[in-house]
There are 2 protein chains.
Amino acid sequence: MSDGLVEALHADIRAMAIDFRLKPGERINEVALSKRLDASRTPLREALNRLVAEGFLTFESGKGFFCRKYSVTEVQDLYQLRQAIERFAAERAVELAADAELAELAAFLDRTGDPAGRSLEDLLAFDEHFHETIASFSQNAEIGRTLANVNARIRFFRWIDLGSRRQRTQGEHRAILDAIRARDKGKAVALVDGHIARRRDEIAEAVKECHARLFVEDDFVHPAFKTMDQACA
Amino acid sequence: MSDGLVEALHADIRAMAIDFRLKPGERINEVALSKRLDASRTPLREALNRLVAEGFLTFESGKGFFCRKYSVTEVQDLYQLRQAIERFAAERAVELAADAELAELAAFLDRTGDPAGRSLEDLLAFDEHFHETIASFSQNAEIGRTLANVNARIRFFRWIDLGSRRQRTQGEHRAILDAIRARDKGKAVALVDGHIARRRDEIAEAVKECHARLFVEDDFVHPAFKTMDQACA
DNA sequence: GTATTCAGACCTGTATACAGAATAAGCCGT
DNA sequence: ACGGCTTATTCTGTATACAGGTCTGAATAC
């Protein structure tokens, strides 16, 4: 019996939902997708059901599965949830992170800080790694799990957003880390807040741009998002 | 074609996981459960997969589905995640909640405040309703969805915990609401923090008591948790 | 030209069958 | 009596079949 087929399908389809190879609102044809992924509909549907529970897809009884459509409000909701979680994580990091761990993260920023010559995909991987490392300092698996889920769901919008923030990002990360190293809880939280919060019009712009790329641009190549280890190379 | 069978199964099994009719760590026999719920294994497994993604169950390839086992740390993690979310929601409620909405919530507290003669299940429903109403003031669906999930997963422990907090709860709720009505953000957040935070030994006590009820007490009757409308009656 | 209806194709929802792994039971040797 | 091995049983993982919705599109009426 093949080991972990549902998990593999889940990972594949999740990636497709994240980079919108499955277009927002698009219906998923189970037979076609199962052929493409070389499995039958039974494990495929199990994976799809997981993705519904995780918020990547929607399901309508009798109609089937659809890639989730994101309104400006929904993207904003996710940014805010991220803000709520990271605020808490920053506070906990101030209390719990070891000096050595923080020094290592500082070295990481030194290593990856210069945005020159980096692809957006690399920069995004570095960015998420920074934030998820801080989240890991909270020593709370649920915080990490939830943050990873939220980050994945807004990854495409952040990828667009990052274009106009390349310069600011590094400095802000450095400032956040310095505040944590100085064990200054209030400052750390305030900096995280300022770093993550987006005005509604900024989000609206990203969503508009997203739609333009996906539905107007006719030869759009989907970004190849990377995990940290893939980006290091 | 019956409409929404997977959703129905999901709701049923979710309820079983919440009140631990499925014991922590227990393996789920798919054939037996599918007979009991009068469906075949296919939709049953789809529902189980959703519950895995939501954190109620675990899955081991080749072994099957298991009800999730909660360590003290894991319960604490969930309490903290709840704290992170409710802090944020309280801030937003201060900014966004209409006076009329807040007055209505105050009336609710008046109506349900006296713990005398109420079952623990009713009090817990009232309690969650209060918190989820405040979360709804944040006008953020993801906040609401995530909070509902976290609350469900720690419901059993809160049910145990509530026994020793009957008296404090009402007053603390009242104070939180007053702070929001006074549009005092700092005070509201501080009060929410104090209301939700638990010391590790308090959580350890609840987990211990939970195990005692489930595995030692031989004729334990599982609580019949209620939604708000069921509790009103 | 536009709206409507009906037929056909397509697709989903669920049950069931079957292969193979995991677990339990039985047996034997010590 | 107890531990290890072998066998039998149980249960999971996946494919497939089929019943009934749902959607598409052509033909018809206006």
Side-chain angles (χ1 to χ4, degrees), chain A residues 1-18 20-69 214-215 218, chain B residues 1-17 20-69 214-215:
Chain A
M1 237 175 267
S2 81
D3 196 71
L5 175 56
V6 172
E7 277 86 352
L9 294 172
H10 172 267
D12 280 359
I13 304 164
R14 183 175 185 268
M16 292 185 212
I18 288 172
F20 288 139
R21 272 169 293 169
L22 302 175
K23 288 200 173 64
E26 186 183 28
R27 167 144 158 224
I28 292 170
N29 185 321
E30 295 174 17
V31 176
L33 190 57
S34 70
K35 269 182 194 145
R36 194 152 156 276
L37 298 176
D38 200 45
S40 79
R41 284 176 59 218
T42 309
L44 176 73
R45 283 176 59 99
E46 294 189 7
L48 292 172
N49 271 285
R50 287 201 195 186
L51 290 164
V52 168
E54 291 169 352
F56 291 100
L57 306 179
T58 62
F59 174 77
E60 285 175 68
S61 192
K63 306 281 188 67
F65 297 89
F66 299 80
C67 185
R68 178 166 175 182
K69 217 189 265 179
L214 291 174
F215 296 105
D218 53 347
Chain B
M1 237 176 268
S2 81
D3 197 72
L5 174 57
V6 173
E7 276 86 351
L9 293 171
H10 173 268
D12 279 359
I13 304 164
R14 184 175 184 270
M16 291 186 212
F20 289 138
R21 273 170 293 169
L22 302 175
K23 286 201 173 65
E26 185 183 28
R27 166 143 160 228
I28 291 170
N29 185 321
E30 295 173 18
V31 176
L33 189 57
S34 69
K35 269 183 194 147
R36 196 151 155 275
L37 297 176
D38 199 45
S40 80
R41 283 176 60 217
T42 308
L44 176 74
R45 283 178 59 101
E46 294 190 7
L48 292 173
N49 271 286
R50 287 202 194 184
L51 291 163
V52 169
E54 292 170 351
F56 291 100
L57 306 179
T58 62
F59 173 76
E60 285 174 68
S61 192
K63 307 280 188 70
F65 298 88
F66 298 78
C67 186
R68 177 166 177 180
K69 217 189 264 179
L214 292 174
F215 296 104

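In what follows, chains carry the letters A, B, and so on, assigned in the order in which the sequence lines appear, proteins first and then strands, with residues in each chain numbered from 1.
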* **Rounded distance (Å) that lies between atom P of dT16(D) and atom CZ of Arg45(A)** => 17 Å
* 5'-most by nearest nucleotide on DNA chain C - Thr42(A) or Lys63(B) -> Thr42(A)
* To do: Return the value, rounded to whole Å, for the distance between atom CZ of Phe65(B) and atom C1' of dT12(D).
  => 9 Å
* Which of residues 46-58 of chain A sit near DNA chain C, with a heavy atom under 4.0 Å from it? -> none
* To do: Indicate yes or no: at least one non-hydrogen side-chain atom of Phe56(A) is less than 4.5 angstrom from one of Ile18(A).
  => yes
* Asked: So, does Ser61(A) use its side chain to make a donor-acceptor pair with the main chain of Gly4(B) at under 3.5 Å?
  -> yes
* What would the secondary structure line of DNA chain C be in dot-bracket form, counting Watson-Crick and G-U wobble pairs under 3.5 Å, with [ ] for pairs that cross earlier ones and | for pairs with another strand? -> ||||||||||||||||||||||||||||||
* Asked: For Phe59(A) and dC11(C), what is the distance between atoms CZ and P respectively, to the nearest whole Å?
  -> 16 Å
* To do: State, to 0.1 Å, how close Cys67(A) and Lys23(A) come at their nearest heavy-atom pair, and which atoms those are.
  => CB-O, 3.3 Å
* Asked: Of the options Lys35(B), Arg36(B), Lys63(B), Arg45(B), which is the one that meets Glu30(B) in a salt bridge (Lys or Arg N to Asp or Glu O under 4.0 Å)?
  -> Arg45(B)
* To do: Would you kindly give the CD-to-P distance between Glu60(B) and dA21(C), to the nearest whole Å?
  => 17 Å
* Asked: Nearest of dT12(D), dT14(D), dT14(C) to any side-chain atom of Glu30(B)?
  -> dT12(D)
* To do: Whole angstrom is fine here: how far is it from CZ in Arg27(B) over to P in dA24(C)?
  => 8 Å
* To do: Give Leu44(A) one of three labels, base, sugar-phosphate or nothing, depending on what nucleic acid heavy atoms sit under 4.0 Å from its own.
  => nothing
* Side-chain N or O of Arg41(A) less than 4.0 angstrom from OP1 or OP2 on dT14(D)? -> no
* **Cation over ring face, Arg50(B) and Phe59(A), 6.0 Å, 45°** => yes
* Asked: Should Asn29(A) be listed as having a side-chain N or O under 4.0 Å from OP1 or OP2 of dC11(C)?
  -> yes
* To do: Can you tell me the distance, in whole Å, between the NZ atom of Lys35(A) and the C1' atom of dC11(C)?
  => 12 Å
* Atom-pair distance (CG on Leu9(A); C1' on dG13(D)), nearest Å -> 12 Å
* **Positive for side chain to side chain contact (heavy atoms under 4.5 Å, CB included) with Leu44(B), one of Val31(B), Leu5(B), Leu37(B), Asn49(B)** => Leu37(B)
* For dT14(D), take OP1 and OP2 only and decide whether either is under 4.0 Å from a side-chain N or O of Ser40(A). => no
* Structure fact -> Rounded to the nearest 0.5 Å, the CG atom of Leu57(A) sits from the CD1 atom of Ile13(A) at a distance of 7.5 Å
* To do: Starting from P on dT23(C), measure out to CD on Glu26(B) and report it in whole angstrom.
  => 15 Å
* To do: Working to the nearest 0.5 Å, report the span between CG of Leu33(A) and CG of Asp12(A).
  => 9.0 Å
* Asked: Does any donor atom in the side chain of His10(B) or Glu46(B) lie under 3.5 Å from an acceptor atom in the other side chain?
  -> no
